Amino acid sequence: MDLRSFKLHRPDRHVRAVLADHRGEHPHDLEGEPFARVLLAAAPLLARLHDRLGHEPRALSVDGLTRVLRLTTEGDPPRPFVLPLPDLSDMSPEISALARAIVRELQPRGPDLPGTTPSDPAFWDHLYRADAGGWELGRPTPPLAHCLAADPPTGQRALVVGCGRGHEARLLAELGAHVTAIDLAPAAIASARAATPPHLAIDFQVADLFALPRSPSFDLVLEHCCYCAIEPRRRREYVDAVADLLVPGGHLLGLFYAHGRPGGPPFTVSADELAASFARRFTVDALAIADDSVLLRLGEELLGRFTRH
């Protein structure tokens, strides 16, 4: 689930939020007790903005597409401020915490399928069929989209692991890559195929990364929400599987979820852990916090590029 934008108006005790998934955008309103809980979650951000600007915030809005925070302060007359999100990177934890609080009110996570683990296809098939879990953004994730646009993989053989509904797979194909995309969940692959126009020749497969034949068949592996979805005990196995599927000198381009909270999936990871884990089979070319993540993951995603030894 992608929180595209939200507006919080303290005098009216009202929040307007726009969520998005594979079906499009959906506006929602929060008032009463849900608003009160969101306002409580907003308190750290409001305090930081007060300290920064020297004025008490009266209303604020955040747009995840234009990357702008707009603010109106108390006073007569009220003062407007327009602040680019990149200039507020030190407030990313407060912004993403507020975004998560809004989504919790609108779309609380449902229960996992009893008797299953993230290694079971049924675990993920249940989430996709129920539209649960909050994984769906309805578009390619911005950090990967911007990275690929800057360096198009034209002509490369690319594998998308844990492809979900295929947003990144379609982006790669549009950029001229020869794409194979896999996911454990039959429902995810069915949705990905249905959403893919005929001119994009993508090989979507219901498949387990760990069960693929270990032959160096790809120039590029694209990672988004697969590493954080598998059980942490299998991360060494993940590194070996991806390395074995890449030709020497091939690249892994990945966006990794470093949220720092217990539990999962998604399971958190740190930059140090990633660097240490991949160093056995890869050179770490770049690994840093992405500056253009969606609001729900702002400041919590690591964008990494690795070259297979």
Side-chain angles (χ1 to χ4, degrees), residues 89 92 140-164 167-169 171-183 203 207-260 264-293 297 299-309:
S89 59
S92 292
T141 186
L144 290 179
H146 296 153
C147 189
L148 291 168
D151 185 16
T154 306
Q156 294 186 29
R157 297 165 298 170
L159 173 67
V160 183
V161 294
C163 69
H167 303 295
E168 284 81 20
L171 174 62
L172 280 168
E174 292 280 9
L175 292 171
H178 307 291
V179 183
T180 300
I182 64 170
D183 201 285
D203 181 14
D208 184 342
L209 169 65
F210 301 121
L212 291 179
R214 299 291 184 89
S215 61
S217 305
F218 298 98
D219 307 297
L220 173 69
V221 171
L222 194 71
E223 154 66 43
H224 176 223
C225 287
C226 182
Y227 190 88
C228 71
I230 63 174
E231 295 165 278
R233 64 180 176 83
R234 305 195 74 181
R235 287 178 170 174
R236 183 182 181 91
E237 189 180 355
Y238 173 100
V239 172
D240 286 330
V242 170
D244 289 345
L245 289 164
L246 282 166
V247 298
H251 298 290
L252 167 66
L253 178 63
L255 192 64
F256 302 88
Y257 205 0
H259 56 73
F267 300 100
T268 192
V269 70
S270 69
D272 288 344
E273 179 189 344
L274 284 170
S277 297
F278 282 93
R280 293 186 302 108
R281 304 290 307 272
F282 291 85
T283 299
V284 181
D285 301 317
L287 184 61
I289 292 290
D291 61 7
D292 50 358
S293 295
R297 305 172 191 171
E300 297 185 342
E301 292 183 311
L302 291 160
L303 182 62
R305 184 177 177 87
F306 308 82
T307 301
R308 189 235 202 244
H309 293 161

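On a predicted model such as this, the values are computed, not experimentally measured, just so you know. We're numbering straight along the sequence, starting at 1.
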Does any non-hydrogen side-chain atom of Arg235 lie less than 4.5 Å from one of Glu273?
yes

side-chain hydrogen bond (donor to acceptor under 3.5 Å, both in side chains) contacts touching residues 144-161 (sequence neighbours left out)
His146-Asp292, Arg157-Asp219

Is a salt bridge present between Arg234 and Glu237, judged by a nitrogen-to-oxygen distance below 4.0 Å?
yes

Please report the interatomic distance [atom1]([X]) to [atom2]([Y]), rounded to the nearest 0.5 Å.
X      : Y      : atom1 : atom2 : value
Leu212 : Phe218 : CG    : CZ    : 7.5 Å
Leu172 : Cys163 : CG    : SG    : 11.0 Å
Leu253 : Leu148 : CG    : CG    : 5.5 Å
Leu144 : His224 : CG    : NE2   : 6.5 Å
Phe256 : Ser277 : CZ    : OG    : 9.5 Å
Ile182 : Cys226 : CD1   : SG    : 7.0 Å

Working for side-chain contact (heavy atoms from CB on, under 4.5 Å), residues Phe278 and Thr283
CA-CA 8 Å; Phe278 282 93; Thr283 299; over 6 Å; no

Show the numbers, then the answer: is there a side-chain contact (heavy atoms from CB on, under 4.5 Å) between Val179 and Val160?
CA-CA 7 Å; Val179 183; Val160 183; 4.2 Å; yes

Quick one: closest heavy-atom pair of Pro140 and Glu168, and the distance?
CA-OE2, 3.4 Å

For residues 240-247, run the donor-acceptor check on the side chains, cut-off 3.5 Å, and write out each pair with its distance to 0.1 Å, sequence neighbours left out.
unit_1, atom_1, unit_2, atom_2, d
Asp240, OD1, Arg280, NH1, 3.3
Asp240, OD1, Arg280, NH2, 3.3
Asp240, OD1, Arg281, NH1, 3.0
Asp244, OD1, Arg281, NH1, 3.4
Asp244, OD1, Arg281, NH2, 2.9
Asp244, OD2, Arg214, NH1, 2.9

Just by distance, do the side chain of Thr180 and the backbone of Leu159 share a donor-acceptor pair under 3.5 Å?
no

Among residues at least two apart in sequence or on other chains, which ones pass salt bridge (charged side-chain N to carboxylate O under 4.0 Å, His left out) with Glu223?
none

